[in-house]
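Have a look at the structure below before the remarks.
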Amino acid sequence: MKLAIALLLVALVFTVYISGCVQEPTSPDTGPTGPTTGALTEAQAEQQALQTLDQEMEALEEMSLEELENELLQQG
Amino acid sequence: MKKLLTLAVALIAVLAIGASVMAQQVGAQNQARTMIKMLGAFGNGLAISEDDPMDFELIRVGIAAVKVESAEDEKTVKVGVLHFADEKYRLKDVVIGNGSVTANIYLDETQVGSISLDSYPKEDKELWAGTMTLDGKTYNVYLIQGKRVVKAEEKAEKAFEYCRNNPERCKAAMQAVGSNVICDPVTDGNCRERIRTFCEGNPEDSRCKALRLAECGLNLEDAQCRAEIRGVCSNNATENACQRLGEVYNNMVQKRPEILENAPQWFHTVRERLQQESEGQQGGPQ
């Protein structure tokens with residue numbers, strides 16, 4: 001019986017611990033990769049937008065100076 | 001006693017699994033969704049010192065309006081990034097106009113310059129030219145608009161926007177391509193959502209393409225839309241959207257007439273038509 005109560009207490013402590021893990025963050029600034037909750041602040045939205053833009057720019061093909069010269073400098 | 005033990009162990013297992021599932025769900029709900037709503041200048045190029053042509057740097061510019069959605073909120077923010085030499089700058093106070101962009105350049109939180117670019121067509125590409133001041137130096141800037149793969153959800157969003165704002169024209173655009181309408185946006189309030197879902201799954205469907213092009217014809221400040229319209233104009237320069245796009249690029253011609261040398265044929269055709277119309281209006285009845 002005592003063992004069962006002890007196990008139930010462990011279960012209770014475990015539950016409290018896990019619920020702490022899923023608690024919503026209170027800070028509005030969750031960083032560029034952090035999750036957002038509720039209404040977005042301007043800073044959060046900007047961070048998320050910048051992160052997306054950075055990813056898009058990484059996908060941009062690198063161009064050599066020679067390629068750029070061909071494309072641009074002939075414009076005079 | 002044994003039953004109680006089994007019960008306790010089962011309880012722990014259920015709680016652990018439940019908490020784990022809950023954590024995943026909350027995480028998914030809280031993650032913001034982002035989408036490129038409008039693209040400005042986006043590509044690689046050169047910044048050449050106004051004082052010394054041998055003083056130049058490779059640059060990379062990205063300017064866009066990005067829609068950020070959380071479970072409860074939605075915002076569209078304009079952001080920009082400039083890579084100059086080995087330094088990365090942020091662009092703030094971004095303005096994306098009809099074929100033009102302007103922004104202030106920041107390093108950390110300090111303004112260190114500004115940039116202003118205009119776009120123009122060259123063969124099947126779009127180029128940007130303009131000026132930039134950075135750390136007290138002035139540069140002439142030339143960029144080649146980069147190719148970006150537009151995601152299916154972004155394409156569907158354009159169809160959705162068009163049908164939300166113009167239900168009757170949305171229906172007409174679908175009928176014009178000779179197929180059945182996906183649904184009737186005039187009588188069915190849920191139709192635009194259904195169009196979004198359908199077009200996300202079938203981005204190359206002729207009706208979805210027609211709706212996207214129709215929306216793009218009204219949003220020429222978006223470089224992706226200009227690219228879509230250029231594709232149409234190279235095949236048929238008489239489309240109304242080509243005239244509007246021609247007017248956008250004409251602003252740049254007034255600043256730099258030499259760009260006409262490498263302009264695509266459709267642009268010359270549109271310019272001739274614009275000139276004829278202008279002369280017709282001037283010579284018309286008083």
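Residue numbers start from 1 in every chain, and the chains themselves are labelled A, B, ... in the order their sequence lines are given, proteins ahead of strands.
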Say whether, by atom type as modelled, one donor and one acceptor occur between the side chain of B:R196 and the main chain of B:A156 under 3.5 angstrom. no
Is any residue of residues 85-97 of chain B within less than 4.5 Å of chain A by heavy atoms, and which ones? B:K88, B:R90
Looking at B:K67, B:R212, B:R148, which hits side chain to side chain donor-acceptor pair (under 3.5 Å) with B:E154? B:R148
Keeping B:K37 on the side-chain end and B:T76 on the backbone end, is there a donor-acceptor pair under 3.5 Å? no
Proximal component of B:L39, with respect to chain A [non-hydrogen, under 4.5 Å]: neither
Quick one: does B:Q145's side chain have a donor or acceptor within less than 3.5 Å of a partner on B:G40's backbone? yes
Donor-acceptor contact below 3.5 Å, side chain B:R60 vs main chain B:G43: no
Is B:K151 in contact with chain A via its backbone, its side chain, both, or neither, using a 4.5 Å heavy-atom distance? side chain
Examine whether an atom of B:V61 lies under 4.5 Å from a heavy atom of chain A, and if so say whether it belongs to the side chain, the backbone or both; otherwise answer neither. backbone
Is the CD atom of A:Q55 crowded by more than 12 outside heavy atoms at less than 6.0 Å? yes
The side-chain hydrogen bond (donor to acceptor under 3.5 Å, both in side chains) partners of B:E57 (sequence neighbours excluded) come to none
Expected output: side-chain B:E126 to main-chain B:Y120 donor-acceptor under 3.5 Å: no
Less than 4.5 Å to any heavy atom of chain B: does that hold for the side chain of A:A59, its backbone, both, or neither? neither
Pair count under 4.5 Å, heavy atoms only, with chain B: among A:D54, A:T52, A:L60, highest is A:L60
